[in-house]
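If you read the sequence from its start, that first residue is 1, and numbering goes on from there. Every number for a ligand or one of its atoms is a count from 1 in the order of the listing.
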Amino acid sequence: MIRYAEVALNIPFKDSDTLSYEIPETMKSIERGCRVDVGMKGRKLQGLVVDIHSNMPKYKTYPITKLIDKTPVVNEEQIELAYWMKDFYLTSLGECLQKMIPTGKKTKAFFPQIPSDPELLKLNDEQKQAFEKIKNGFGKEETHLLYGITGSGKTEVYIHLLFEILTKTNRSAILLVPEISLTVQTLSRLEQIFGNSLAMIHSMLKVSERYNNYLKLLSGEKRIVVGTRSAVFAPVKNLGLIIMDEEHDHSYKEHSSPRYHARQIAQRRANINSCPVVLGSATPSVEAFHFAKTGKIFLHTLRKRAKEAKLPEIKIITNKKGTVISDELVYQIKKRLDKKEQVVLLLNRRGYSPLIYDKTKKEFLGCPKCSSNLCYHKTGKMICHLCGFQEKMNRLKENDNLELLGSGTQKLEEYILEKFPNVRLERLDQDAASKREIIPEIIKKLLNEEIDILTGTQMIAKGLDASKVTLVGVVNATIGLGLPDFRASERVFSLLTQVSGRAGRGKLEGEVFIESSTEDHPILELAKTQNYEKFFHEEILVRKNLFLPPFSRIIRLVTRSPNEEKSKLAITELERLLKEELKQNPLENTILLGPVECPFYKIDTYYRNHLLFKTLQISKLKELIKLVLEKFKPHSSVYLEIDVDPLDLV
Ligand code: ADP
Ligand code: ZN
């Protein structure tokens, strides 16, 4: 009798979840959860076996070409999770399973050693209260929001919770951190405390190392995992706790299909395993705080800094002179340098000049592949930050019709070195950190007081705990507010709060100067008060009035194609099908917006159009979209992107 494997293919396949393939005699050992190579219409594809049976299918079947794994690489819980995910995110089963197994580019192996004290600290009263409440929730499906100001010692609460799980229970725990920026300090501390019990899954490890750690979790050899977004899928046995540090961070959202959010996966796993989820942040997402305020999740507040330190004072200054930074900020930097203290300067824009103006044509130079401007870099290249397009800029020398406008981190660095020729400065942005080992090297230098000024983009805003930093300056603070994106103010408020939190963490008092060209943007006023709750109360009203999350759910559908017309035709056809379906099965409290061109209309030669649903009937709407997708047959050059609960709409 022939045996068959049900294989979930790693393609956006919508007709069925799996296809049956024959199991050859040589592959008798095959199990649920193993990866295989199979052929489909002449293509070689990878898939994952989710079932084995002897029921002959109605279609002609082929044998599996290759068995990749000797033993399963995903467990039963992950398979169950994938079935849930594909419906939740309207994608294929195979794509969901694929996201759970670590892959990636080969990187050099290194993990920085940053010294710290391997002792557990004694929790203060606020920390202890939160710790006890969460601990009492072990074994129950509960969500806790640990809302604590920067430096209040949230990390220490996580450490105590993980320690409790490890030493007092036989369960496992996952700690999620935002994409590696300066969180290496936290990672080092965790490694020193948990040593061999800890498995890390993040991009500073070699692919093979990451994969080995994954297998050790699968086999139950390790029980504590710390990692970035995809670590939420870690195949631990007997999951007992999931912690998400900096819960509001956008790196928790995946950018390719399935576009999952780690928070949603965490909550699903908590449901499957009956265990708590802890969300931590100084600036929670508006959604999380809303749910805490309305009693749907538990709220724990840490209002004091852990080490007797006060929050720094924040001052807003305007720079109307057009210099890279104001004279006032230059003066403040000098004051701190004279006292041998350290300075952090944030400018959330990399490169030298973000705009190159053509005076003859009276326009900015744009990327030939995108609807965006080219940015001038110190290397003499003009680079598109959306698609990576590069071109050498000879044109500047050839005619002086081109003018560089605005400043990025490279220009800021140059300006500071001009003002303070002997200062020891390091810059940390995507360009400087193209080699990842740069990041821990720079942190070490900062901690060892071998540099005076650290400057960079949002990479420097998180995690850093350096007690000699007493001045934080933010240059051009309103960057990002111009985007047609309903989360823009949330993002800027959180960035300003996070970076301000780097100042005055030790015995020395800190001070923050936030600089912009316009003085009275409401977000700056709010950032100045450092009052998240005030920000929240204003923001939640806006969300309510505009029927935005958390008062509605959003599904976004994007068509993209190198063929401008086909992309438009496809979105129009999609709209027609959706409206037809809605006419037959009207959905209450559901609004369809668009179709229109996306704010970034062209990215990397793809023309993009989108339409949006805002709804209170997410499940019914998903069913309806699924029906429509069966009928939707766009031109072969058109891709359809589906984003359930998108973080941005650009
Ligand atoms: P957060 O993550 O909330 O910004 P951290 O966890 O980084 O804050 O803590 C800030 C600083 O306070 C760190 O240097 C940490 O070692 C210290 N700290 C935290 N909790 C305690 C405690 N209970 N006693 C003494 N120091 C603490
Ligand atoms: Zn481009």
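Per-residue contacts place R505 under 4.0 angstrom from the following atoms of ligand 1 (heavy atoms of the residue considered): 4 (O), 7 (O), 8 (O), 10 (C). Those atoms of ligand 1 that come under 4.0 Å of a heavy atom in G153, given as number and element, are 1 (P), 3 (O), 5 (P), 6 (O), 8 (O), 9 (O), 19 (C). The distance from ligand 1 to the heavy atoms of T155 drops below 4.0 Å at these ligand atoms: 2 (O), 5 (P), 6 (O), 7 (O). Per-residue contacts place K122 under 4.0 angstrom from the following atoms of ligand 1 (heavy atoms of the residue considered): 22 (C), 23 (N), 24 (N).
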Would you check, one step at a time, whether the test side-chain contact (heavy atoms from CB on, under 4.5 Å) holds for I159 with F194?
CA-CA 9 Å; I159 291 173; F194 294 104; 4.3 Å; yes
List the steps, then state whether side-chain hydrogen bond (donor to acceptor under 3.5 Å, both in side chains) holds for Y606 with E564.
CA-CA 8 Å; Y606 286 94; E564 185 168 9; over 6 Å; no
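Aromatic rings of H250 and H255 (six-membered ring for Trp) have centroids beyond the 6.0 Å cut-off, not under it.
Ligand 1 has no atom lying under 4.0 Å from any heavy atom of R305.
When all heavy atoms are compared, the tightest approach of T150 to G501 is OG1-CA, 3.2 Å. Contact detail for A270 and V277: the closest heavy-atom pair is CB-CG2, 3.4 Å.
Aromatic ring pairs are classed by plane angle as parallel below 30°, tilted from 30° to 60° and perpendicular above 60°; the pair F535 and F493 is parallel. Note on ring orientation: taking the six-membered ring where Trp is involved, the planes of H385 and H377 are perpendicular (angle over 60°, cut-offs 30° and 60°). Using cut-offs of 30° and 60° on the angle between ring planes, the pair H261 and Y252 is tilted.
No side-chain heavy atom of L365 sits under 4.5 Å from any side-chain heavy atom of N373. A 4.5 Å side-chain heavy-atom check between N563 and Y607 finds every atom pair outside the cut-off.
Taking a cut-off of 2.8 Å, the protein N, O or S atoms nearer than that to the Zn ion (ligand 2) are C367 SG, C370 SG, C384 SG, C387 SG.
Residue contacts with ligand 1: T150 is placed with no nitrogen or oxygen under 3.5 Å of a nitrogen or oxygen of the ligand (distance criterion only). At under 3.5 Å, not a single nitrogen or oxygen of A306, backbone or side chain, sits near a nitrogen or oxygen of ligand 1.
No hydrogens or angles considered: a donor-acceptor pair under 3.5 Å links the side chains of S637 and S561.
The protein heavy atom nearest to atom 12 (O) of ligand 1 is K307 CG, 3.5 Å. Residue, atom and distance of the protein heavy atom nearest to atom 27 (C) of ligand 1 are L121 CD1, 3.4 Å. When only non-hydrogen protein atoms are considered, atom 20 (N) of ligand 1 lies nearest to Q127 NE2, 3.0 Å. Here the heavy atom of the protein found nearest to atom 4 (O) of ligand 1 is G151 N, 2.7 Å.
Of the candidates E450, E449, E341, K468 forms a salt bridge (Lys or Arg N to Asp or Glu O under 4.0 Å) with just one, namely E449.
Which of D465, D125, N124, L120 comes nearest to atom 11 (C) of ligand 1 through a heavy atom is settled by distance: it is D465.
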